[in-house]
Amino acid sequence: MTETKLRSARWYEGTDIRGFAHRQRSQQMGLRREEFLGKPVIAIINTWSELSPCHIHLRERAEAVKRGVWQAGGYPVELPALSLGEVLVKPTTMLYRNMLAMEVEELLRSLPVDGAVLMGGCDKTTPGLLMGAISMDLPAIYCPAGFMSNGRWRGQSVGAGTHTKTFWDEKRVGKITEEDWIELESKMTRSIGTCNTMGTASTMTAIAEAMGMTLPGASSLPAADSGHTRMAAECGARAVEMVREDLRPSQIITADAVMNGVSACMALGGSTNAAIHTIAMARRAGVALSLDDLGAVAAKIPVCANIFPSGGYLMEDFFFAGGLPALLAKLGDAIIPGCMTVNGRTLDENIAGARCWDDDVIRDLDKAVVPLAKGSSLAVLRGNLCPDGAVMKSSAASPHLLQHTGPAVVFDNPAEMAAKLDDPAVEITKDSVLVLRNAGPIGAPGMPEWGNLPMPKRLLEQGVKDMVRICDGRMSGTHYGTCVLHVAPESAIGGPLALLKTGDMVALDVPAGTLNMLVDEAEIAARRAAWVKPPERFARSYARLYERSVSQAPDGCDFDFLSGTEKIPEPPIF
């Protein structure tokens with residue numbers, strides 16, 4: 001690419017007063033003209049934050065990216081972006097995924113940028129970064145933050161999120177002490193990086209790699225590994241080359257590439273959250289992906305990665321076993337050949353020499369961790385409780401509950417659930433179906449990870465560790481159990497879940513793909529006629545924008561004004 005074809009030249013190379021001002025202000029920051037004129041400008045979109053342990057190291061990794069950019073003849077500029085680290089952001093990072101997507105798109109549009117390195121890793125960060133980059137469609141490469149090192153406690157492997165729930169239930173019934181609980185705080189998450197299970201973070205970075213947006217193996221690198229720093233530097237160098245080649249997301253994220261990402265997700269035992277994010281990313285790229293498309297792939301590809309919560313290992317074990325390239329190589333014909341990736345080669349070329357070094361961690365299709373007869377990464381359900389769909393991870397559910405009928409115990413919000421769950425006056429048995437509503441995109445707002453409803457203490461004391469639970473919210477990808485999620489339409493807009501009453505019988509049949517309330521149609525119609533839509537809760541703020549603009553879970557929870565593939569004009573410079 002010649003210098004005059006660089007997008008940034010519109011800012012830097014004009015002979016008028018504006019061009020003078022742009023060059024002048026760049027030199028005001030201590031740069032020589034030779035350092036930025038005529039060079040590809042690479043934006044390092046960095047979601048570093050001191051309130052995000054997943055991203056706390058990205059400030060240092062950005063320096064490695066800059067090193068790669070300089071080495072390849074580019075000019076790096078680090079641009080801070082909204083950091084969506086789980087746990088500390090309330091009510092949920094999902095509320096702000098679209099804000100990050102909008103920020104990324106507008107940062108790239110409004111500034112003299114030719115290409116980008118996207119730095120993030122925690123759950124909503126990956127889709128947020130990619131959605132914005134897809135819509136802007138400048139050359140971009142994703143640099144995953146990496147996952148934390150393996151955790152062990154008293155000889156037992158412990159995974160972030162997965163075992164937090166396990167140990168919490170054990171504490172509630174007295175199997176571990178308060179002292180044990182305090183000790184676990186400092187033992188379970190022992191390094192920088194995202195969750196070390198196959199939660200949403202590792203699921204989404206793996207999908208990004210399988211779709212072609214990362215360097216080969218990048219999603220399987222531990223955050224604390226020296227190779228992670230080298231990968232960051234390589235991302236910087238490659239971003240410069242991508243600008244010169246004019247290799248853009250629109251040439252990478254095709255319909256076939258999206259299906260490769262979906263196949264990877266199912267083989268990994270990936271997070272149910274991927275159903276929302278992958279649809280949102282695909283539709284930004286003009287690919288019409290639906291829940292049924294995801295369910296069809298899930299019905300063909302079993303869980304092959306033996307990683308918590310569906311398996312027994314952690315992400316660092318997956319890395320040592322060969323990582324995502326080894327898994328993709330084992331999927332054979334399920335990987336569609338010919339899909340371009342950010343390194344300029346096709347995905348099938350990238351995985352052609354991949355080797356697996358531990359066949360127990362990365363299983364062959366015929367030796368799956370969870371055979372399809374026993375469950376899959378994503379079961380799609382429909383019925384009179386979820387006419388637009390609901391999902392569950394049947395591979396992490398209890399087999400005896402996959403076909404179950406029981407009376408509903410309905411909670412309208414988490415506070416009510418916390419107050420009543422262990423109340424002896426509230427009748428709950430192992431056959432009950434716990435329901436939490438008003439947890440959807442609009443109802444919560446933001447569709448928090450409330451779907452892994454806690455087990456009643458009285459049942460835990462009886463040795464009952466799972467029961468059917470239903471929610472129009474989401475569940476952490478690190479969690480497990482027979483949890484039906486993303487019920488759509490959500491209750492806050494009048495979905496059938498809003499009409500369910502405690503005592504109504506609910507029938508779940510995962511093999512048949514159905515979820516129904518066993519209530520007479522005339523009674524349902526009467527309840528619907530009596531239902532009153534809740535008033536809007538937000539008079540101002542971003543939440544008001546979210547409440548009025550967000551789509552439902554089966555459509556990716558994107559904003560109506562951000563979806564679509566229409567191109568926005570370049571900003572005028574006068």
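Just the heavy atoms: all of them, side chains too, but no hydrogens, waters or symmetry mates, feed the values below. Since the model is a prediction, treat every value here as computed from it, not as a measurement. Positions are given from 1, in the same order as the sequence printed here.
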Rounded to the nearest 0.5 Å, the CE atom of Met148 sits from the OG1 atom of Thr189 at a distance of 5.5 Å

Is it the case that the side chain of Asp317 and the backbone of Leu314 share a donor-acceptor pair, with hydrogens and angles ignored and the cut-off at 3.5 Å?
yes

Distance from Leu221 atom CG to His228 atom NE2, nearest 0.5 Å?
6.5 Å

Stepwise side chain to side chain donor-acceptor pair (under 3.5 Å) test for Thr341 and Asn343
CA-CA 6 Å; Thr341 72; Asn343 72 345; 2.5 Å; yes

Check whether Arg248 reaches the backbone of Gln251 with its side chain - one donor and one acceptor, N or O, closer than 3.5 Å.
no

Candidate pair Asp360 and Tyr313, rule side chain to side chain donor-acceptor pair (under 3.5 Å), full reasoning:
CA-CA 9 Å; Asp360 188 41; Tyr313 291 94; 2.6 Å; yes

Any non-hydrogen side-chain atom of Ile176 less than 4.5 Å from a side-chain atom of Leu184?
yes

What closest approach, in Å, do Asp123 and Pro127 show between heavy atoms, and which atom pair accounts for it?
O-CD, 3.1 Å

Considering all heavy atoms of both residues, which atom of Ala553 and which atom of His486 are nearest to each other, and what is their separation?
CB-CB, 4.1 Å

With the side chain counted from C-beta on, respond yes when Val104 and Met136 share a heavy-atom pair under 4.5 Å apart, and no when they do not.
no

Locate the shortest heavy-atom distance separating Leu378 from Ala298; write the atom from each residue and the value.
O-CB, 3.2 Å

Shortest non-hydrogen pair, Ser219 vs Phe147, comes out as O-CE2, 4.0 Å

Quick one: does Val391's side chain get under 4.5 Å of Leu294's, heavy atoms only?
no

Taking the side chain from Ser377 and the backbone from Met266, do they hold a donor-acceptor pair closer than 3.5 Å?
yes

Do Thr482 and His404 come close enough that some side-chain heavy atom pair is under 4.5 Å?
no

Determine, step by step, whether Thr203 and Ser271 satisfy the side chain to side chain donor-acceptor pair (under 3.5 Å) criterion, reporting the C-alpha distance in whole Å, the side-chain angles of both residues, the deciding distance to 0.1 Å, and the verdict.
CA-CA 6 Å; Thr203 299; Ser271 167; 5.1 Å; no

Verify the neighbour count for atom NZ of Lys374: are there more than 12 heavy atoms of other residues, nucleotides or ligands below 6.0 Å?
no

Could you tell me the separation between the CG atom of Leu100 and the CG atom of Leu84, rounded to the nearest 0.5 Å?
5.0 Å

Does Ile335 offer a backbone N or O that forms a donor-acceptor pair with the side chain of Asn260 under 3.5 Å?
no

Once you measure the plane-to-plane angle for Phe308 and His163, does it fall in the parallel (<30°), tilted (30-60°) or perpendicular (>60°) bin?
perpendicular

To the nearest 0.5 Å, what is the distance between OG1 on Thr93 and NZ on Lys124?
3.5 Å

Output yes when a side-chain donor or acceptor of Asn196 lies under 3.5 Å from a complementary backbone atom of Met315, and no otherwise.
no

Any carboxylate oxygen within less than 4.0 angstrom of a Lys/Arg side-chain nitrogen, looking at Asp348 and Arg345?
no

Parallel, tilted or perpendicular for Trp70 and Tyr75, by the 30°/60° rule?
tilted

Ion pair check, Arg284 and Asp558, cut-off under 4.0 Å:
yes

Any donor-acceptor N/O pair, Lys393 side chain to Gly269 backbone, under 3.5 Å:
yes

d(Met213 CE, Tyr142 OH) to nearest 0.5 Å is 10.5 Å

May I ask you to check whether over 12 heavy atoms, not counting those of Glu183, lie within 6.0 Å of atom CD?
yes

How close do Cys54 and Cys122 get, counting heavy atoms only, and between which atoms?
SG-SG, 3.5 Å

Is a side-chain donor or acceptor of Arg474 paired with a backbone partner of Gly451 at a separation under 3.5 angstrom?
no

Heavy-atom side-chain contact between Met94 and Asn273 under 4.5 Å
no

Could you walk me through whether Arg61 and Cys143 pass the side chain to side chain contact (heavy atoms under 4.5 Å, CB included) check?
CA-CA 9 Å; Arg61 295 297 182 272; Cys143 178; 5.7 Å; no

Does Ser398 use its side chain to pair, donor to acceptor, with the backbone of His400 at less than 3.5 Å?
no

Measuring from Ser476:OG to Asn452:CG, what's the distance to the nearest 0.5 Å?
8.0 Å

Derivation of the side chain to side chain contact (heavy atoms under 4.5 Å, CB included) call for Met455 and Arg469
CA-CA 9 Å; Met455 291 290 295; Arg469 289 160 277 180; 4.0 Å; yes

Taking the side chain as C-beta and beyond, is there a heavy-atom pair between Cys304 and Leu327 under 4.5 Å?
yes

Is there a side-chain contact between Lys367 and Asp359, using heavy atoms and a 4.5 Å cut-off?
no

Looking at side-chain heavy atoms only, is the closest gap between Glu78 and Glu63 below 4.5 Å?
yes

Spell out, as yes or no, whether a donor-acceptor pair under 3.5 Å connects the side chain of His55 to the backbone of Thr47.
yes

Passes side chain to side chain contact (heavy atoms under 4.5 Å, CB included), Val158 versus Lys187? Steps please.
CA-CA 9 Å; Val158 290; Lys187 299 295 184 184; over 6 Å; no

Quick one: does Gln156's side chain have a donor or acceptor within less than 3.5 Å of a partner on Trp153's backbone?
no

In terms of side-chain geometry, is the basic nitrogen of Glu241 or Arg238 positioned less than 4.0 Å from the acidic oxygen of its partner?
yes

Start with the C-alpha gap between Ile253 and Met281, add the side-chain angles, then the distance that decides, and say whether side chain to side chain contact (heavy atoms under 4.5 Å, CB included) holds.
CA-CA 9 Å; Ile253 304 182; Met281 292 189 299; over 6 Å; no

Does a salt bridge link Asp180 with Lys175, judged by any charged N lying under 4.0 Å from a carboxylate O?
no

For Arg154, is the CZ atom crowded, meaning more than 12 foreign heavy atoms sit under 6.0 Å from it?
yes

Smallest heavy-atom separation, Leu402 atom then Ser394 atom, equals CD2-CB, 4.2 Å

Between Asp293 and Ser290, do the side chains contain a donor N or O and an acceptor N or O under 3.5 Å apart?
yes

